[in-house]
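Throughout, a chain's letter reflects where its sequence line sits, starting with A, and its residues are numbered from 1.
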Amino acid sequence: MLDIQALRNDLDGVVSALKKRGFDFDAAGFLALEQTRKTLQTRTQDLQAKRNNASKLIGMAKAKGEDVSAVMAEVAGMGDQLKADEAQLSALQAQLQALLLNVPNLPHDSVPAGLSEADNVEVRKVGVPRQFDFAVKDHTDVGAPLGLDFDTGIKLSGARFTFMRGAIAKLHRALAQFMLDTQTEQHGYTECYTPYMVNADSLIGTGQLPKFEADLFSLNHNDSKLYLIPTSEVTLTNSVRDEIVAMEALPIKLTAHTPCFRSEAGSYGRDTKGMIRQHQFDKVEMVQIVHPSKSYEALEEMVGHAERILQDLALPYRVVSLCVGDMGFGAAKTYDLEVWLPAQNTYREISSVSNCEAFQARRLQARFRNEAGKPELVHTLNGSGLAVGRTLVAVLENYQNADGSVTVPEILRPYMNNLALIHAD
RNA sequence: GGAAGAGUGGCUGAGCGGUUGAAGGCACCACCCUGGAAAGGUGGCACAGGGGCAACUCUGUCGCGGGUUCGAAUCCCGCCUCUUCCGCCA
């Protein structure tokens with residue numbers, strides 16, 4: 001959520017910044033709403049002050065045993081007017097709030113211009129794609145004989161679900177364990193176990209609601225509605241919702257390995273084959289809650305934390321700075337990590353690391369006590385470290401052998417009973 | 001799921017329809033005191049929003065939402081959470 005003060009003080013600046021990311025802010029509508037709000041709020045509060053005063057007088061007079069009928073008469077008609085004004089005001093404020101909740105974050109100055117993926121800027125390329133002396137297969141063909149079973153996933157649940165068995169399932173688990181161990185033991189994140197179902201408030205806090213409800217899976221339980229988390233960014237970041245933490249507690253660095261659930265509405269026909277785009281996938285997430293002056297430093301650092309996984313797995317990748325138009329709703333700046341997929345002969349997204357600045361913190365009311373002892377909004381960052389399913393895809397494709405077997409990356413072997421080669425039985 | 005009790009500021013905790021963000025204590029900050037420390041003294045110390053160039057001022061908030069009332073932390077209704085006991089369950 002944007003700071004409403006910024007909109008009041010520099011509406012033109014905000015509008016043009018939003019324009020860069022392809023968002024048309026209804027400035028006229030906002031101004032009209034604000035104008036009405038101002039008038040109504042002033043009037044309501046004046047009326048409340050009058051009412052409070054009169055009530056006070058009644059109390060004092062009654063204590064002295066004086067006659068209060070005159071004052072009572074004066075206040076008599078005020079109630080209805082006040083009630084009407086209050087109702088109108090709160091409706092108006094709800095309207096303003098709703099408007100604000102649907103506005104994306106302002107991009108940081110360093111973010112490249114552009115409206116689509118094509119305008120993203122490559123920052124660096126790491127590792128050299130392997131030269132194959134045989135025809136490479138994609139991960140579905142490599143995986144099928146080894147236990148990667150899409151048909152059973154489809155039977156059980158439908159399209160975009162996968163069933164894994166045997167060494168593939170174990171490799172998948174090994175990847176998650178390795179990532180989690182790296183982020184906790186090497187990079188100082190605290191391992192967390194979090195709910196997979198959350199309430200609407202949590203999703204409003206991180207920005208998935210109200211605008212992107214269609215992308216979520218939800219469950220009705222009695223009268224309440226819960227949502228399946230689309231990423232543990234939601235639970236990790238919401239852990240500081242409505243909290244005022246001590247400045248010394250910053251940065252708070254959290255990580256979790258959880259499944260993620262996404263309806264993938266609006267992506268019909270894209271990546272339908274294989275496990276690139278699933279309704280359910282595992283991810284190791286990193287979240288940092290930091291002092292506002294440190295968030296861009298933390299962003300670079302987190303990109304490094306995600307890169308470390310790919311480097312240890314010896315997977316070629318590149319780092320891309322997303323252009324304004326390709327960034328997510330809450331991000332001020334985002335780097336994507338794209339891993340090399342030989343079968344697609346291209347780099348594909350495997351991690352996304354974003355600085356949301358105070359955008360989420362404002363919705364979350366997540367604050368710290370600053371030098372002056374005053375509560376101030378924190379900055380929040382999140383990033384994948386990494387998406388487990390896509391990493392499995394990358395390993396299967398990059399480590400495949402001519403005979404159909406897959407070499408287990410060195411670093412994963414301790415997690416696999418020192419298994420060095422996965423092959424069909 | 002059933003029964004009972006409870007939710008007040010950073011913490012603890014009084015107030016339980018009337019002039020007051022809310023006693024006392026702890027913590028914290030400033031100053032005084034002190035050779036230093038401890039103890040002591042004085043003052044300060046919730047959050048959010050509005051109006052005003054400013055000094056300043058107004059409004060809202062005692063778990064959340066509604067109601068009664070001229071007036072609600074205090075009364076009524078609904079909900080949520082926590083604690084204890086019982087039941088059930090991995």
Side-chain angles (χ1 to χ4, degrees), chain A residues 1-9 11 30-101 193-205 219-227 235 238-250 252 289 358 360-378:
Chain A
M1 188 160 68
L2 299 183
D3 184 0
I4 194 160
Q5 297 301 343
L7 284 157
R8 287 178 185 145
N9 300 332
L11 186 56
F30 172 77
L31 278 177
L33 223 48
E34 256 295 278
Q35 187 56 51
T36 319
R37 189 226 95 230
K38 195 163 166 172
T39 319
L40 193 59
Q41 182 163 356
T42 312
R43 193 173 79 196
T44 307
Q45 293 189 348
D46 283 351
L47 206 56
Q48 283 170 330
K50 248 165 93 182
R51 191 254 342 252
N52 289 348
N53 256 319
S55 295
K56 219 173 280 179
L57 289 177
I58 293 171
M60 284 194 288
K62 273 199 168 170
K64 282 187 260 177
E66 292 169 3
D67 175 40
V68 293
S69 53
V71 203
M72 295 277 274
E74 191 191 319
V75 195
M78 248 155 76
D80 290 340
Q81 179 66 46
L82 197 52
K83 207 166 274 185
D85 280 4
E86 279 170 353
Q88 206 186 332
L89 181 61
S90 79
L92 204 61
Q93 271 166 341
Q95 225 178 317
L96 261 168
Q97 181 76 0
L99 184 95
L100 241 42
L101 282 176
Y193 172 84
T194 81
Y196 301 158
M197 297 182 253
V198 294
N199 57 34
D201 282 346
S202 295
L203 290 155
I204 289 169
L219 304 147
N220 286 301
H221 177 65
N222 297 334
D223 293 334
S224 70
K225 186 173 189 177
L226 290 173
Y227 296 83
T235 46
N238 270 275
S239 66
V240 292
R241 169 152 57 89
D242 295 324
E243 301 284 338
I244 301 175
V245 302
M247 191 166 59
E248 300 73 48
L250 303 178
I252 297 171
I289 314 294
Q360 292 181 325
R362 190 168 291 110
R363 296 168 162 246
L364 294 159
Q365 283 304 298
R367 295 169 292 174
F368 71 101
R369 235 168 247 292
N370 66 18
E371 289 82 348
K374 287 290 166 195
E376 189 180 332
L377 295 171
V378 296

*Rounded distance in Å - CG (Leu100(A)) to C1' (G49(B))*: 14 Å
_Distance check, C1' atoms only: U42(B) and C80(B), in whole angstrom units._
44 Å
*Calculate the interatomic distance between Leu57(A) atom CG and U19(B) atom P; express it in whole Å.*
13 Å
_Please give the distance between the P atoms of C56(B) and G65(B) as a whole number of Å._
32 Å
*According to the Watson-Crick and G-U wobble definitions, with both distances under 3.5 Å, which nucleotide is paired to A73(B)?*
none
_Residue met sooner reading RNA chain B from 5', once Val75(A) and Met60(A) are mapped to nucleotides_ = Met60(A)
_Strictly under 4.0 angstrom, non-hydrogen atoms only: write out the protein contact profile of nucleotides 51-68 of chain B, one letter per nucleotide from the 5' end, B, S or -._
S------BSS-------S
*Between Ile58(A) and Gln5(A), name the one whose nearest nucleotide on RNA chain B is closer to the 5' end.*
Gln5(A)
*asked:* Would you measure the distance from the C1' atom in G25(B) across to the matching atom in G9(B) and give it in whole Å?
replied: 14 Å
_Closer than 3.5 angstrom, by distance alone: can the side chain of Ser202(A) be matched with the main-chain N or O of Val198(A) as a donor-acceptor pair?_
no
*Considering every strand shown, what is the Watson-Crick or G-U wobble mate of C82(B) when both distances are under 3.5 Å?*
G5(B)
_Any pair counted as side-chain hydrogen bond (donor to acceptor under 3.5 Å, both in side chains), so long as it reaches residues 49-58 of chain A, sequence neighbours left out_ = none
_Closest non-hydrogen atom pair, Tyr227(A) against Asn199(A)_ = CD1-C, 4.4 Å
_Complementary nucleotide of U59(B), counting Watson-Crick and G-U pairs under 3.5 Å_ = A48(B)
_Distance between P atoms of A27(B) and G18(B) (Å, rounded)_ = 33 Å
_For atom CZ of Arg362(A) and atom C1' of G49(B), their distance in whole Å_ = 15 Å
*Run the numbers on Leu31(A) and Leu11(A) for side chain to side chain contact (heavy atoms under 4.5 Å, CB included), then give the verdict.*
CA-CA 9 Å; Leu31(A) 278 177; Leu11(A) 186 56; 3.6 Å; yes
*Distance between P atoms of G60(B) and A3(B) (Å, rounded)*: 38 Å
_Backbone of Ala246(A) reached by a side-chain donor or acceptor of Arg369(A) within 3.5 Å_ = no
*Just by modelled atom types, is the Leu101(A) backbone N or O under 3.5 Å from a matching donor or acceptor in the Arg363(A) side chain?*
yes
*How far does the P atom of G63(B) sit from the matching atom of C58(B), given to the nearest Å?*
25 Å
*Are any of Arg367(A)'s side-chain N or O atoms less than 4.0 Å away from OP1 or OP2 of A48(B)?*
yes
*Roughly how many Å is it from CZ in Arg363(A) to P in A48(B), rounded to a whole number?*
19 Å
*salt_bridge(Arg37(A), Glu34(A)) N-O dist < 4.0 Å*: yes
_Distance, rounded to the nearest Å, where Ile4(A) contributes CD1 and A48(B) contributes C1'_ = 13 Å
*P atom, A4(B) versus C76(B): distance in rounded Å?*
16 Å
*Taking a pair as Watson-Crick or G-U wobble with both distances under 3.5 Å, which nucleotide is matched to C53(B)?*
none
*Just checking, any donor-acceptor pair under 3.5 angstrom between side chains of Glu86(A) and Gln48(A)?*
yes
*Quick one: closest heavy-atom pair of Val75(A) and Ala54(A), and the distance?*
CG2-CB, 3.3 Å
*Distance, P atom - from U34(B) to G17(B), rounded to whole angstrom*: 49 Å
*Applying a 3.5 Å limit to both distances, which nucleotide forms a Watson-Crick or G-U wobble pair with G17(B)?*
none
*Given atom NZ of Lys62(A) and atom P of U19(B), what is their separation to the nearest angstrom?*
13 Å
*What is the distance from CG of Asp201(A) to P of C80(B), rounded to the nearest Å?*
14 Å
*What is the nucleic acid contact for Gln365(A), judged by heavy atoms within less than 4.0 Å: base, sugar-phosphate only, or nothing?*
nothing
*Starting from C1' on A46(B), measure out to CD on Glu243(A) and report it in whole angstrom.*
16 Å
